[in-house]
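Here's a structure for you.
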Amino acid sequence: MLPGRKSAQPAPPERISSEYTATDRLAAWKARWGIARMSYRVKPGLYALGSPSASSPVFAGANYTLSFNALRTNLKGLSAWLLVLDTKGINVWCAAGKGTFGTMELTRSIRQTGLEQLVSHKTIILPQLGAPGVSAHQVKAYTGFSVSYGPVRAKDLQEFLRLGGKATPEMRKVRFNFTDRIILAPVQLVYYAKYLLPAALLLYLAGLKNDAALTVGALLAGSVIVPALLPWLPGRSFAVKGAAAGLAAVAALSPLLPFGPYQLAARALVYAAAASFIGLDFTGASTYTSLSGVKKEMRLATPAQALAFLAGLVLLGARRFL
Amino acid sequence: MILKYLRGVATLKLDSAKCIGCGLCLNVCPHAVFKLESRKAAITDADLCMECGACALNCPTAAISVKKGVGCAQAVRMGFLKGTEPDCGCGDDSSCC
């Protein structure tokens, strides 16, 4: 039994506009900094953009506000139906990975909204990044609707339509350029700042102001330098890139620190390990790392990070008794 | 600049005998891992594969297999601690799966 087979009379689609307002801009900014993130949800269901008719195209999307805004504002000047799936407020790609943007939810949504009665055609355009959760041939078998995978980015949608529903190879590729990476940095920064800023404060209060500065340095190395300089940091492993960023941060701060080579080397171990740990977590925000790869590097990196961290602490402790 | 992850780790497999050359894998792959060669899909560079699973799920003849998963260290750590498959608890997050 498939979900949504028996549906009550669906509510008429809500009308929406394609304008991008100052409120939308503020919402995007707040979401990236993790402020009240849970409220960035759109009600799932069918929406009417402009004055759609039976022959207007149908676009499916996620009910994360940023995804929904990207879709509707990039369809400016068009009339279309927007089918918003219940992805629990998660963006298309992540939801597709979890399967909430998936075959079953799409099937349920098509049935419950009575889409079949509203349009005269049988095509539904999905964002390409919904594909990890959706099986096009299964959706066709369950609902009769053909899935057409649109471009990765909503801004290419109008061009995709102009080309008669075809995406160029460039439209099909996920990018990870400087801007893509740096807008994700706040998420990592906020997450680790919760632990490392109080730690830095405690060190400062304990009279270890150099270590307080180095703690903040390791935080910035792992969460800001790694995303910013990703292609230029050495190696393919994120743990190695993070360690390199951490070492660079210690080196950059070293002229200001009153430490000899022994003290500095011990601290380099501690803070490079911390930056490596944070840097490795950026695999979650990246657009090209595989689970097999992350598992492989974690098997090596996790013990290495722990060992370097402890070795640094032991060296610092041993010095006191020498 | 193309960013590439670790060499030789991706679990992607393509069975050419089953392929009917529909090209849907070329459409869904976000890293151009596939190309069409004499009416069959072929892998360009498996090191580009991020194991999202879109190709395997959309292949109408099940010619493609891949162990799908999220390439996220936090998810692997969570899965290890909870004894489950890699899955992170940051469900409401925009940048981390």
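First the proteins, then the strands, lettered A, B, ... as listed; each starts at 1.
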message = Could you tell me if the side chain of B:Val9 sits less than 4.5 Å from the side chain of A:Ser290, heavy atoms only?
response =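 The answer is yes; the side chains approach within 4.5 Å.
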ask   = What is the distance from atom CG of B:Asn27 to atom NZ of A:Lys166, rounded to the nearest 0.5 Å?
value = 9.0 Å
inquiry  = If the condition is side chain to side chain donor-acceptor pair (under 3.5 Å), which residues does B:Arg77 pass it with, not counting sequence neighbours?
reply    =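 For B:Arg77, the residues satisfying side chain to side chain donor-acceptor pair (under 3.5 Å) (neighbours in sequence not counted) are A:Asp281.
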request  = Name the region of A:Tyr191, side chain, backbone, both or neither, that has any atom closer than 4.5 Å to a heavy atom of chain B.
outcome  =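 Looking at A:Tyr191, just its side chain touches chain B.
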message = Counting only non-hydrogen atoms closer than 4.5 Å, does B:Cys29 touch chain A with its backbone (N, CA, C, O), its side chain (CB onward), both, or neither?
response =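 Interface part for B:Cys29: backbone (N, CA, C, O).
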request  = Look at A:Thr287, A:Thr103, A:Thr100 and state which one has the largest set of heavy-atom pairs under 4.5 Å with chain B.
outcome  =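 Of the candidates given, the most pairs with chain B belong to A:Thr287.
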task = Mind listing the closest non-hydrogen atom pair of B:Glu51 and A:Leu291 along with its distance?
result = OE1-N, 3.3 Å
ask   = Can you list every salt bridge (Lys or Arg N to Asp or Glu O under 4.0 Å) pair that touches residues 53-74 of chain B, not counting sequence neighbours?
value =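 As it turns out, the salt bridge (Lys or Arg N to Asp or Glu O under 4.0 Å) pairs with a partner in residues 53-74 of chain B, which skip direct neighbours, are B:Lys67-B:Glu85.
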task = Sort out for me which of A:Arg172, A:Lys173, A:Arg175 touches chain B most, counting heavy-atom pairs under 4.5 Å.
result =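 With the most close heavy-atom pairs to chain B, the winner is A:Arg172.
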query = What distance do A:Gln138 atom CD and B:Leu57 atom CG have between them, rounded to the nearest 0.5 Å?
reply =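 That separation rounds to 6.5 Å.
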task = Can you tell which part of B:Cys52 gets under 4.5 Å to a heavy atom of chain A, answering side chain, backbone, both or neither?
result =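 Both backbone and side chain.
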task = Answer whether the closest heavy-atom distance between the side chains of B:Asn58 and A:Tyr149 falls below 4.5 Å.
result =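 Yes, their side chains come closer than 4.5 Å.
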ask   = Heavy atoms, side chains only, cut-off 4.5 Å: are A:Tyr288 and B:His31 in contact?
value =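 The answer is yes, as the side chains (C-beta and beyond) meet within the 4.5 Å cut-off.
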query = Would you call B:Phe80 and A:Met298 a side-chain contact if the rule is heavy atoms closer than 4.5 Å?
reply =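 They are not in side-chain contact.
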ask   = Do the side chain of A:Ser292 and the main chain of B:Ala10 share a donor and acceptor less than 3.5 angstrom apart?
value = no
message = Suppose the criterion is salt bridge (Lys or Arg N to Asp or Glu O under 4.0 Å): which pairs have a residue in residues 25-39 of chain B, not counting sequence neighbours?
response =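 For residues 25-39 of chain B: B:Lys35-B:Glu37.
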ask   = Side chain, backbone, both or neither: which part of B:Leu26 has a heavy atom under 4.5 Å from chain A?
value = backbone
note = Heaviest contributor of heavy-atom pairs below 4.5 Å to chain A, chosen from B:Cys55, B:Ala54, B:Cys59, is B:Ala54
4.5 Å side-chain heavy-atom contact, B:Pro30 and A:Leu129 =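 With C-beta onward as the side chain, the pair touches.
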ask   = Could you name the residues of residues 11-20 of chain B that have a heavy atom within less than 4.5 Å of a heavy atom in chain A?
value =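 Only B:Thr11 of residues 11-20 of chain B have a heavy atom under 4.5 Å from chain A.
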ask   = Does the side chain of A:Thr289 come within less than 4.5 Å of B:Met50's, by heavy atoms?
value = no
task = Start with the C-alpha gap between A:Lys296 and B:Leu6, add the side-chain angles, then the distance that decides, and say whether side-chain contact (heavy atoms from CB on, under 4.5 Å) holds.
result = CA-CA 9 Å; A:Lys296 184 184 179 185; B:Leu6 309 188; 4.2 Å; yes
ask   = Which bit of A:Ala96 is near chain B, if near means a heavy-atom gap under 4.5 Å: side chain, backbone, both or neither?
value = backbone
request  = Inspect the surroundings of NZ in A:Lys194 and state if more than 12 heavy atoms from other residues, nucleotides or ligands are less than 6.0 Å away.
outcome  = yes
ask   = Side chain, backbone, both or neither: which part of A:Val134 has a non-hydrogen atom closer than 4.5 Å to chain B?
value =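 Just its backbone gets close to chain B.
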note = If one checks every heavy atom of A:Ala167 against chain B at 4.5 Å, the contacting part turns out to be neither
